Amino acid sequence: MAKICLDAGHYGKYNRSPIVPEYYESERMWKLTELLAAALKKRGVTVVKTRTNQATDLALVSRGKKAQGCDLLLSLHSNASSTETPDFPVAIVFRDDTKTNLDERSEDIGLKLAKVCADVMGTKQEGRIMTRANSGDRDGNGYKDDEYYGVLHGAKLVKVPGVIMEHSFHTNKRAAQWLLSDSNLSKLAEAEADVLAAWLKGTAQKPTAPAVKPTASNTNYRVRVTIKDLNIRTEPSASSKSKGHITPGVYTIVQESNGWGKLKSGAGWIKLSYTTKL
């Protein structure tokens with residue numbers, strides 16, 4: 001049976017909106033967690049939570065490890081900015097790596113959640129995904145390949161894909177007011193539960209699906225890369241050898257293959273879901 005670990009990102013009264021004082025990220029994301037848990041259970045998904053009491057805290061890595069035995073860890077948040085302008089959902093997903101497919105699963109569901117969240121909330125900017133690397137070697141494996149966010153690091157340690165879902169910005173008045181409505185949160189929970197249930201069903205069926213031979217098509221367009229540490233691969237596959245990393249900027253894609261784009265420079269292939277088409 002499909003099983004998800006839900007993490008209401010903060011406890012008590014935490015992260016108050018500077019522009020809508022009634023809004024506390026901790027309280028509204030706890031409410032969304034409760035609604036999402038109920039919606040998932042209606043769809044036959046087993047739900048566990050990192051915390052059962054909104055007033056108590058738990059260390060970040062420990063929260064991530066609570067997902068052991070689950071199909072996904074989902075940590076629910078709203079974002080913050082120094083200005084009111086940003087109004088978009090962002091799913092923070094696992095960094096690109098060649099050792100497991102946890103990153104691909106994390107990216108897949110993260111992008112789906114970001115898009116449905118943008119649709120339901122009616123955000124001004126489109127949903128997106130991002131990654132962030134830790135500067136050290138958290139797991140002691142000799143490589144600086146770890147997640148920056150403790151809850152994602154904890155989930156990866158127990159081999160569970162994880163996503164931190166930022167439901168737009170509580171520093172944006174429109175978004176904060178929208179998230180203050182229980183009826184709006186109910187709509188969001190139902191929509192996210194639909195996406196999660198469908199993804200879980202598809203993930204369960206993947207091992208028995210016939211292999212599909214990659215197909216490539218020639219093209220020519222520009223994309224913007226905004227994240228750091230995006231791998232360049234020798235082939236259009238996460239399991240192929242990394243040739244290094246690409247820096248943020250604008251690049252020309254001359255060929256596509258199953259979600260990968262070949263750089264005009266000849267450097268190799270990059271994952272197109274981490275780019276924005278211009």
Side-chain angles (χ1 to χ4, degrees), residues 1-17 23-41 45-80 89-95 100 102-103 105-106 109-110 113-114 117 129-141 145-171 176 179-180 182 185 188-189 192-193 196 200:
M1 179 180 289
K3 188 176 182 181
I4 285 183
C5 181
L6 296 181
D7 174 53
H10 300 288
Y11 75 105
K13 283 186 173 291
Y14 192 84
N15 281 353
R16 188 179 194 179
S17 168
Y23 183 92
Y24 286 88
E25 178 186 357
S26 55
E27 293 181 340
R28 298 315 292 164
M29 292 302 105
W30 182 267
K31 179 67 174 180
L32 179 57
T33 299
E34 295 290 295
L35 292 168
L36 181 55
L40 286 167
K41 288 174 183 176
V45 178
T46 299
V47 176
V48 298
K49 299 174 186 175
T50 57
R51 294 181 292 113
T52 57
N53 188 325
Q54 198 271 344
T56 59
D57 194 17
L58 185 65
L60 290 169
V61 175
S62 296
R63 289 193 343 232
K65 288 182 176 179
K66 288 274 188 178
Q68 187 165 15
C70 294
D71 298 290
L72 177 71
L73 168 83
L74 179 60
S75 187
L76 305 177
H77 296 259
S78 59
N79 216 335
V90 57
I92 303 170
V93 301
F94 282 172
R95 297 179 62 240
T100 72
L102 291 174
D103 58 317
R105 292 159 63 195
S106 171
I109 186 57
L113 287 170
C117 182
I129 59 176
M130 64 164 282
T131 65
R132 186 172 178 182
N134 188 62
S135 59
D137 180 16
R138 303 182 77 170
D139 59 7
N141 67 353
D145 60 351
D146 299 314
E147 304 296 330
Y148 173 84
Y149 297 96
V151 69
L152 294 185
H153 178 63
K156 186 174 278 188
L157 287 176
V158 295
K159 297 180 173 54
V160 175
V163 174
I164 297 174
M165 188 63 226
E166 301 276 8
H167 296 81
S168 194
F169 290 72
H170 56 256
T171 46
L179 291 166
L180 270 175
D182 285 356
L185 289 188
L188 189 57
E192 291 187 349
L196 288 163
L200 287 165

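What you see is a predicted model; the values in this text were computed from it and never measured.
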Non-hydrogen atoms of Leu157 and Lys65 that approach each other most closely:
CD1-CE, 3.7 Å
Nearest non-hydrogen partners of Met165 and Pro89, listed with the distance
CE-CB, 3.6 Å
Exactly one of Val48, Val160, Leu73, Leu200 should register a side chain to side chain contact (heavy atoms under 4.5 Å, CB included) with Ile4. Which one does?
Leu200
Does Arg63 reach the main-chain N or O of Gly154 with its side chain, forming a donor-acceptor pair under 3.5 Å?
no
Would a distance-only check, ignoring hydrogens and angles, find a side-chain to backbone donor-acceptor pair under 3.5 Å from Ser17 to His170?
yes
Please answer whether the main-chain N or O of Asn79 pairs with a side-chain N or O of Glu166 as donor and acceptor at a distance below 3.5 Å.
yes
Value for OG1 (Thr131) from OH (Tyr148), rounded to nearest 0.5 Å, stands at 13.0 Å
Please list, one pair per line, the donor and acceptor atoms closer than 3.5 Å that link side chains of residues 32-41 to other protein atoms, with sequence neighbours excluded.
residue	atom	partner	partner atom	Å
Thr33	OG1	Met29	O	2.7
Glu34	OE2	Lys49	NZ	2.6

Less than 4.0 angstrom from a charged side-chain N to a carboxylate O is my criterion; do Asp182 and Arg28 meet it?
yes
Distance-minimising heavy-atom pair for Asp71 and Ala2
OD2-CA, 3.4 Å
Between Arg51 and Trp30, is any pair of side-chain heavy atoms under 4.5 Å apart?
yes
Are any side-chain N or O atoms of His167 and backbone N or O atoms of His77, one a donor and one an acceptor, separated by less than 3.5 Å?
yes
Taking only residues two or more places apart in sequence, or in another chain, which ones meet Ser106 in a side-chain hydrogen bond (donor to acceptor under 3.5 Å, both in side chains)?
none
Leu196 and Val45, any side-chain heavy atoms less than 4.5 Å apart:
no
Can you check whether Gly12's main-chain N or O pairs, donor with acceptor, with Ser26's side chain at less than 3.5 Å?
yes
Answer whether the closest heavy-atom distance between the side chains of Lys66 and Val151 falls below 4.5 Å.
no
Could you check Tyr11 against Thr56 for side-chain contact (heavy atoms from CB on, under 4.5 Å), going step by step and ending with a plain yes or no?
CA-CA 6 Å; Tyr11 75 105; Thr56 59; 5.7 Å; no
For Val93 versus Gly110, what's the shortest heavy-atom pair and its separation?
CG1-CA, 4.0 Å
Between Leu60 and Tyr149, does the side-chain contact (heavy atoms from CB on, under 4.5 Å) criterion hold? Intermediate values first, please.
CA-CA 8 Å; Leu60 290 169; Tyr149 297 96; over 6 Å; no
Nearest heavy atoms of Val158 and Ala67, plus distance in Å:
CG2-C, 4.3 Å
Summary of salt bridge (Lys or Arg N to Asp or Glu O under 4.0 Å) pairs that have at least one residue in residues 153-162, sequence neighbours excluded:
Asp97-Lys156, Glu147-Lys156
Taking the side chain as every heavy atom from C-beta outward, state whether Asp137 and Asp146 have any atom pair closer than 4.5 Å.
yes
Please report the C-alpha distance between Leu74 and Leu113 in whole Å, then the side-chain angles of each, then the deciding distance to 0.1 Å, and finally whether the side-chain contact (heavy atoms from CB on, under 4.5 Å) criterion is met.
CA-CA 10 Å; Leu74 179 60; Leu113 287 170; 3.8 Å; yes
Measure the shortest side-chain to side-chain distance between Leu179 and Ser78 over non-hydrogen atoms and say whether it is less than 4.5 angstrom.
yes
